[in-house]
Structures are given as structure tokens and as C-alpha cells.
Amino acid sequence: MPYGTVQADAGLTKPITTLTLRKMKEEGVKFATVALYDAPMAAMAQKCGVEVLLIGDSLGMTVLGYDSTIPVTMEQMIYHVEAVKRGNNKSLIMGDLPFMTYATPEQAMVNATRIMQAGAQMVKIEGGEWLAPTVQMLSDRGVPVCAHLGLTPQSVNKLGGFRVQGRSDAQAEQILADAKALDDAGADLLVLECVPSALAKRITESVSMPTIGIGAGTDTDAQVLVINDILGLTEQPPKFSKNFLIEAGDIPGAMRKYVNDVKTGVFPSKEHIFV
Ligand code: KIV
């Protein structure tokens, strides 16, 4: 029972904070994150011991039927953050700032305020070193920040598609430098999406903040999956995802199995990772 935060059947027994997650990293205890969007799923996540909930702008694709995250608005994010918050009072709740709502530090401050006042305890933003002043500004003013590197879906048009990032030496060095700059600026978490496992390992060992992988191998401090993928609702699931409902048989069972497999290092396995 790591830190008394998870109890069989009762789920999370204490609120998860940034300090809990840093301590887990220090002690090599993995934590689970799920991207989800509504109160009933958020309540179930608390019972199943999911430490971190992400109200991701992936909701544009998983809930609203868009073909990218770009159309997602602040109002949509706030609506879903409020719903998730009503269902869960123990997991750490982070909300995405959507496309072009943090293009300047001042804009980030205004929009982070709205997401935090809707119930989030952390905001997530996509991008590298250029965001360091924004991270510093938010962090200095009491807003925890999760950075997001590798495949950053809001930049899908610039990246030329949803593709693995960091395969060339130059790209890998850039992502590592970005991670260090964001860590130094005060970021509290880092999502690494679709990067080679060896690069994710290097970054995880080089930064003080915990890393959360999605398609980033087994060596990150945590994993994140989208609830639709966990429950097999995605028509063409990405390579890094897994349908836990098939083995578990019911929805709470699928969430518990995901949490357990992350913590024991069973998930992700070879077929889910990139080299
Ligand atoms: O929007 C989202 O759900 C995300 C995760 C896939 C990391 O950014």
C-alpha cells in the first residue's frame, strides 16, 4: 500500500499532491494516470486508485468527434474539468490548456486561472524550451504545470501527422534539452508521448520532475492512457494502447487491471513501445 494512498476496494485514501508524486519518483513507485472526461468515470478512477486524472483536449477526438484536438475551446475544457472534479476528490486533477490559449505567458496566465478555478490542480501545456518563461511565470504564481513533449498533438499540422518523435540524434538531443529547460523553469510533471524508449529513459533520469509516458516505454515514472483506449472504444487503437476490458470483463475491472499493470511494470509491454 504505497504511502497509504491506495487501499484495496476503498481506492485512494488520501488526496494526491505534487509532493506525493515527487516522493513516488524518488522511491521508484510507479503511478497511473487516465485521461477521462466525466464524473462517473472520475469517481470510478478514485475507487480504482488512479493517482492522476487528465482532462485532456483529446476530448475533441474521443468525445466530440473532431479529427484533431485543434478545435477544442476553453469553454469545452472548463465544462469537462468541472464534471470530473464533481466525481473525484482524491486524484490529482490536471486540465489541458487547448490550442493557442497559451501562445504568450500573459494569455497562459488568464486561461490557466480559468482552468484552475474550474477545479484543476495543475495545467498541461504542449511545447519545448520556448515555454520555459510561461512555466516559470505560472509556477511562481502557484500554478503547477505539466509539460508535454514528443508527439504534441496540437502541433499535428507542423509535425506532418501523428508520428513518433525523437528518432534522429538531433531530435532526441533537442527533446532532452527541452525537458531540462522546463524542469529548471519549475514544471511539476512531464508527459512524453510517442518517443523511443531509450530517450524516455534518458529524460526520466535527467529531470527532477516525474515523467508520464504514453508510447514512451517502460522506464518513465508513470503511464497515461485515454479511457476510450482502456475500454476498447477506439476504432483504430494506437500501437501504444491496450484494451483492458477484454481480459477484465467489466469497466471497474479494466481500470483496476490498468492501474495494477502500470504499478507492477506489466504494462506497457514490448508490443506497445517504440525503439
Ligand atoms: O489530451 C490528452 O488526453 C493527452 C494525453 C494523451 C497525454 O494529452
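Numbering starts at 1 and runs along the sequence shown. Counting starts at 1 for both ligands and their atoms, following the listed order. Side chains are part of it too, since the values below use all heavy atoms of this structure and drop only hydrogens, waters and symmetry mates.
Partner of Ile212 under the side chain to side chain contact (heavy atoms under 4.5 Å, CB included) criterion, chosen from Lys30, Met94, Gln223, His148: Met94.
Each ring pair (Phe, Tyr, Trp, His ring centres under 6.0 Å) pair with one or both residues in residues 245-273, not counting sequence neighbours, appears once here: Phe244-Tyr258, Phe244-Phe267, Phe267-His272.
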Result block: side-chain N/O donor-acceptor pairs under 3.5 angstrom for residues 194-203, not counting sequence neighbours:
unit_1: Ser197; atom_1: OG; unit_2: Phe274; atom_2: O; d: 3.2
unit_1: Lys201; atom_1: NZ; unit_2: Glu205; atom_2: OE2; d: 2.9
unit_1: Arg202; atom_1: NH1; unit_2: Glu173; atom_2: OE2; d: 3.1
unit_1: Arg202; atom_1: NH2; unit_2: Glu173; atom_2: OE1; d: 3.4
unit_1: Arg202; atom_1: NH2; unit_2: Glu173; atom_2: OE2; d: 3.2

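With respect to the salt-bridge test (charged N to carboxylate O, under 4.0 angstrom), the residues Glu26 and Arg22 do not qualify.
A donor-acceptor pair under 3.5 Å is formed between the side chain of Ser68 and the backbone N or O of Ile70.
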What short N/O contacts, under 3.5 Å, does ligand 1 make with the protein, listed by atom pair and distance?
unit_1: ligand 1; atom_1: 1 (O); unit_2: Asp57; atom_2: N; d: 3.3
unit_1: ligand 1; atom_1: 1 (O); unit_2: Asp57; atom_2: OD1; d: 3.2
unit_1: ligand 1; atom_1: 1 (O); unit_2: Ser58; atom_2: N; d: 3.0
unit_1: ligand 1; atom_1: 1 (O); unit_2: Ser58; atom_2: OG; d: 3.3
unit_1: ligand 1; atom_1: 1 (O); unit_2: Asp96; atom_2: OD2; d: 3.2
unit_1: ligand 1; atom_1: 3 (O); unit_2: Ser58; atom_2: OG; d: 2.5
unit_1: ligand 1; atom_1: 8 (O); unit_2: Lys124; atom_2: NZ; d: 2.9

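With sequence neighbours excluded, the residues forming a side-chain hydrogen bond (donor to acceptor under 3.5 Å, both in side chains) with Thr211 are Thr204, Asp221, listed by chain and number.
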